[in-house]
Amino acid sequence: DVKVTQSSRYLVKRTGEKVFLECVQDMDHENMFWYRQDPGLGLRLIYFSYDVKMKEKGDIPEGYSVSREKKERFSLILESASTNQTSMYLCASSFIATGTQYFGPGTRLTVL
Amino acid sequence: AQSVTQLDSQVPVFEEAPVELRCNYSSSVSVYLFWYVQYPNQGLQLLLKYLSGSTLVESINGFEAEFNKSQTSFHLRKPSVHISDTAEYFCAVTDGGSNYKLTFGKGTLLTVNP
């Protein structure tokens with residue numbers, strides 16, 4: 001079975017802090033994705049990566065950056081957290097030539 | 001560009017009743033279609049997908065969806081729901097571009113009442 005793990009299920013941070021969310025997949029997938037999920041807005045793509053050190057902006061990249069130094073690991077970075085970044089963050093991965101994405105359990109981030 | 005519209009944000013039903021969750025998409029090219037399910041406090045799980053071939057696809061837990069190209073729809077149905085089907089359901093589409101990046105609908109919350 002494909003496994004996508006995220007470093008924390010719940011996280012509470014203060015405004016202005018630097019926040020790292022980590023995601024690891026064990027299926028040798030080329031693609032990895034970061035989404036945020038908010039009530040009534042569904043899933044919105046923040047960034048995705050199709051290879052090590054390669055990244056592409058999604059629909060809402062402002063305020064976020066990403067890092068992919070190893071194929072299995074994709075990190076989302078909030079350089080200076082703000083209250084409007086309070087959300088559920090979901091990581092996913094997939095093979096490059098299929099649409100089937102496999103999701104982690106999510107990290108619920110609260111910024112106070 | 002492609003988009004997905006899930007016509008109902010919430011669908012309440014009674015246990016053992018049939019249900020249909022509607023999904024329409026817009027795309028100028030051939031597409032692949034997916035339904036994902038999210039149970040409370042969990043990530044998304046793939047429920048079923050249409051890639052090619054038979055337009056009717058089924059999941060292992062009794063859901064089915066039919067790809068209708070002329071109506072650009074991919075509605076999800078189940079003839080008899082259980083309380084355990086209570087979850088949020090997301091429809092998604094890709095045209096294979098941008099490394100098969102998915103576009104998701106906003107979700108439909110299915111609530112099954114006893």
Side-chain angles (χ1 to χ4, degrees), chain A residues 1-10 21 23-25 27 29-51 54-61 68 74 87-108, chain B residues 1-10 21-25 27 29-52 57 59-60 65 67 74 87-109 111:
Chain A
D1 271 358
V2 176
K3 191 154 189 182
V4 180
T5 57
Q6 296 184 228
S7 50
S8 306
R9 291 299 305 274
Y10 300 93
L21 303 183
C23 175
V24 177
Q25 51 95 4
M27 277 301 290
H29 286 162
E30 296 92 353
N31 289 344
M32 294 190 76
F33 306 83
W34 275 107
Y35 296 91
R36 66 176 281 175
Q37 182 181 15
D38 300 289
L41 298 178
L43 274 71
R44 294 180 291 168
L45 182 65
I46 304 171
Y47 268 97
F48 77 99
S49 168
Y50 49 91
D51 201 351
M54 306 303 288
K55 62 186 178 186
E56 203 167 303
K57 291 181 181 178
D59 302 317
I60 52 163
R68 193 167 180 200
F74 192 36
S87 187
M88 170 72 91
Y89 290 87
L90 293 167
C91 175
S93 68
S94 72
F95 286 118
I96 205 162
T98 76
T100 304
Q101 293 183 19
Y102 297 87
F103 283 81
T107 296
R108 188 167 295 280
Chain B
Q2 56 206 7
S3 65
V4 177
T5 302
Q6 292 185 240
L7 294 155
D8 305 295
S9 59
Q10 297 187 53
L21 307 184
R22 297 179 291 170
C23 172
N24 286 91
Y25 68 91
S27 176
V29 298
S30 297
V31 295
Y32 305 135
L33 293 151
F34 303 80
W35 276 101
Y36 282 84
V37 59
Q38 185 180 34
Y39 298 104
N41 297 315
Q42 294 186 27
L44 276 69
Q45 302 172 31
L46 179 67
L47 189 60
L48 46 76
K49 60 186 176 185
Y50 169 77
L51 303 180
S52 64
V57 289
S59 72
I60 58 173
F67 171 54
F74 191 54
E88 191 153 22
Y89 293 79
F90 292 91
C91 182
V93 64
T94 180
D95 60 7
S98 296
N99 295 331
Y100 289 79
K101 193 170 62 171
L102 291 176
T103 299
F104 285 87
K106 293 186 177 180
T108 298
L109 179 61
T111 303

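This one's a predicted model, so the numbers in the text were calculated from it and none came from an experiment. Naming: A, B, ... by sequence-line order, numbering from 1 per chain.
- Note that OG1 of B:Thr103 is 7.5 Å distant from CG of A:Asp59, once rounded to the nearest 0.5 Å.
- With hydrogens and angles disregarded, no donor-acceptor distance shorter than 3.5 Å links the side chain of A:Arg108 to the backbone of B:Asn41.
- In this structure, chain A has a heavy atom under 4.5 Å from the side chain of B:Gln38, while its backbone stays farther away.
- With a 4.5 Å cut-off on non-hydrogen atoms, A:Tyr89 does not touch chain B at all.
- Counting heavy atoms from C-beta outward, B:Leu44 and A:Leu43 have side chains that approach closer than 4.5 Å.
- Only the side chain of B:Glu88 comes within contact range of chain A, with at least one heavy atom under 4.5 Å from a heavy atom of that chain.
- Proximity to chain B (any heavy atom under 4.5 Å) is shown, for A:Glu30, by neither the backbone nor the side chain.
- Looking at B:Tyr32, neither its backbone nor its side chain comes within 4.5 Å of chain A, counting heavy atoms on both sides.
- In this structure, chain B has no heavy atom under 4.5 Å from any part of A:Arg44.
- In this structure, B:Phe90 and A:Gln37 have side chains that are in contact, with non-hydrogen atoms separated by less than 4.5 Å.
- Rounding to the nearest 0.5 Å places OG1 of A:Thr100 at 5.5 Å from OH of B:Tyr36.
- B:Leu46 touches chain A through its side chain: at least one heavy atom from C-beta onward sits under 4.5 Å away, while N, CA, C and O do not.
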